[in-house]
Amino acid sequence: MAFEDIIYEKQDGIATVTINRPQLRNAFRGQTVDEMVEAFRDAWRDRSIGVVILTGAGDRAFSSGGDQAARSGGGYRGGMNVEALHEVIRDIPKPVIAAVNGYAIGGGHVLHIICDLSIAADTARFGQVGPRVGSVDPGFGTAYLTRLVGEKKAREIWFLCRQYSADEALEMGLVNKVVPAAQLMDEARAWGREILALSPTAIRIAKASFNAETDHIKGIGAMGGISLGLYYRTEESMEGRNAFMERRTPDFHKFQK
Ligand code: 2NE
């Protein structure tokens, strides 16, 4: 498999998917998402793999979400099937560990939310940014986030678009552990090895049973994806996107209803 936007490696039972666009804080475009889906499907099929680690290249970002440069009034250039990516991370019958090595922002934050476990570098920063940049990620990004941090905190995260430190993320139940940045991948692999020593069938059943409780959120995500496609066509959404690209504060006043 030849990938351009990701690095996909397999070693000793652990597959690692690395978003490799560090110059854009590992923002993803349609192609990046397609490549990640293909890598996860390969890890699903490969009987030698028991755990997948998802991370970002470099030391600045896990992922900053959708590539705003690839977005216009018609949505992301060439389309972007984020729902397929969310589904494969959830449905692959093997634990997925997010190794959050820097900014996990916007759609990048949602990716780590969906992973089974999250280990953060002490330098990591977390947050949603959609309402500031003319986007929103309804589904797992909202409803499942609420399962992790509770209703009040989830609404704070979305309604204020603040950033949170790794220690704050740990305190609110967003991540499992915080480690010094230099130890992040070793720690993620150590967690992976611990899982590999356990019964894969028991793990598989456990993951499916955890998912069963929240699988209905897929439907919210599907409806949300359609709404988002319509929202992206609006002047209001483009004001957020354009303000980010032009490095200015967005002005949403005239859209208040
Ligand atoms: C991540 C963050 C906080 C980093 O800030 P900083 O100050 O460390 O870096 P800077 O200067 O903002 O970014 C470095 C370079 O990366 C680009 C920037 O434009 C900049 O480019 P140059 O000036 O060097 O040429 N960059 C960063 N993030 C990008 C992005 N997402 N798309 C395109 N270029 C990006 C800061 O950069 C930030 O807040 N970024 C998030 C921007 C954002 O709008 N993300 C998308 C949210 S919507 C979404 O992800 C989504 C959804 O809502 C629904 C479905 C699917 C996706």
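In this text, all values refer to a predicted model and were calculated from it rather than measured experimentally. Atoms considered below: every heavy atom in the structure, side chains included; atoms not considered: hydrogens, waters and symmetry mates. All ligand and atom numbering here is 1-based and tracks the order in the structure.
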Inset, instruction - Would you check the N or O atoms of Y232, main chain and side chain alike, for any that come under 3.5 Å of an N or O of ligand 1? - result: no
Legend entry - Exercise check, heavy-atom protein proximity under 4.0 Å to atom 31 (N) of ligand 1: yes
Legend entry - ILVMFWY network linking F62 to Y144, side-chain heavy atoms under 4.5 angstrom: yes
Legend entry - Ion pair K153/E168, N-O distance below 4.0 Å: no
Legend entry - Y232-S135 side chain donor-acceptor pair, cut-off 3.5 Å: yes
Inset, instruction - Under 4.0 Å, heavy atoms only, figure out whether ligand 1 is touched by the backbone of D67, its side chain, both or neither. - result: both
Legend entry - Single-linkage hydrophobic cluster M80~L24, side-chain heavy atoms < 4.5 angstrom: no
Legend entry - Q163, portion touching ligand 1 at heavy-atom distance under 4.0 Å: side chain
Legend entry - Connected via hydrophobic side-chain network under 4.5 Å: I14 and I97: yes
Legend entry - Sub-4.0 Å heavy-atom approach of V110 to ligand 1: no
Legend entry - Contacting atoms of ligand 1, where contact means under 4.0 angstrom from a heavy atom of L228: 54 (C), 55 (C)
Legend entry - Nearest-contact summary for atom 14 (C) of ligand 1 - protein heavy atom, Å: R25 CZ, 3.6 Å
Legend entry - Protein contact for atom 11 (O) of ligand 1 (heavy atom, distance under 4.0 Å): yes
Inset, instruction - Find out whether the Lys NZ or Arg CZ of R71 is both under 6.0 angstrom from the six-membered ring centre of F244 and within 45° of the ring's axis. - result: no
Legend entry - Within 6.0 angstrom of F210 CZ, more than 12 heavy atoms from elsewhere: no
Inset, instruction - Could you tell me the residue and atom name of the protein heavy atom closest to atom 51 (C) of ligand 1, and the distance to it rounded to 0.1 Å? - result: Y76 OH, 3.9 Å
Inset, instruction - May I ask you to identify, for Y231, whether its side chain, its backbone, both or neither come under 4.0 Å of ligand 1 on a heavy-atom basis? - result: neither
Inset, instruction - Quick one: look up the protein heavy atom nearest atom 44 (O) of ligand 1 and list residue, atom name and how far away it is. - result: Q68 NE2, 2.7 Å
Inset, instruction - Evaluate the 4.0 Å heavy atom contact test for atom 25 (O) of ligand 1: does a protein atom fall under the cut-off? - result: no
Legend entry - Whether over 12 other heavy atoms sit under 6.0 Å from Q23 CD: yes
Legend entry - Verify same cluster id: W44, L54 (apolar side-chain graph, 4.5 Å): yes
Inset, instruction - Tell me which part of A27 gets within contact of ligand 1: side chain, backbone, both or neither, using heavy atoms under 4.0 Å. - result: side chain
Inset, instruction - Find all atoms of ligand 1 within a distance of less than 4.0 Å from any non-hydrogen atom belonging to V136, and give their numbers and elements. - result: 53 (O), 54 (C)
Legend entry - Any N/O pair S64/ligand 1 closer than 3.5 Å: yes
Legend entry - E246, CD: over 12 other non-hydrogen atoms inside 6.0 angstrom: yes
Inset, instruction - May I ask you to check whether over 12 heavy atoms, not counting those of D59, lie within 6.0 Å of atom CG? - result: no
Inset, instruction - Under 4.0 Å from a heavy atom of G65: give me the atoms of ligand 1 that qualify, with their elements. - result: 50 (O)
Inset, instruction - Could you check which of P131, G139, G66, P22 puts a non-hydrogen atom nearest to atom 50 (O) of ligand 1? - result: G66
Legend entry - D12 bridged to R189 by N-O distance under 4.0 Å: no
Legend entry - Carboxylate-amine/guanidinium contact R29 E35, below 4.0 Å: no
Legend entry - same_hphob_cluster(V82, I89) at 4.5 Å side-chain heavy-atom cutoff: yes
Inset, instruction - Any atoms of ligand 1 less than 4.0 Å from a non-hydrogen atom of Q23? List them with their elements. - result: 15 (C), 16 (O)
Legend entry - From S135, A69, A70, A104 - option closest to atom 53 (O) of ligand 1 by heavy atom: S135
Inset, instruction - Can you sort out which atoms of ligand 1 are near V133, meaning under 4.0 Å from one of its heavy atoms? - result: 44 (O), 47 (C)
Legend entry - Option with minimal heavy-atom separation from atom 4 (C) of ligand 1, where the choices are Y103, F244, F28: Y103
Inset, instruction - Number the atoms of ligand 1 from 1 as they appear, then name those within less than 4.0 Å of a heavy atom of R60, with their elements. - result: 8 (O)
Inset, instruction - Examine the proximity of ligand 1 to V129 and report which part, side chain or backbone, both or neither, has a heavy atom under 4.0 Å away. - result: side chain
Legend entry - The one among Q128, R247, M245 that brings a heavy atom closest to atom 21 (O) of ligand 1: R247
Legend entry - N-O pairing of K152 and E156 below 4.0 Å: no
Inset, instruction - Identify, for atom 27 (C) of ligand 1, the protein heavy atom at the shortest distance, and state residue, atom and that distance. - result: L24 O, 3.7 Å
Legend entry - ligand 1 contact by R132, heavy-atom criterion under 4.0 angstrom: no
Inset, instruction - From the options N26, I105, V82, select the one whose nearest heavy atom is closest to atom 39 (O) of ligand 1. - result: I105
Legend entry - Spatial distance of atom CD1 (I105) from atom NE2 (H112) [nearest 0.5 Å]: 10.0 Å
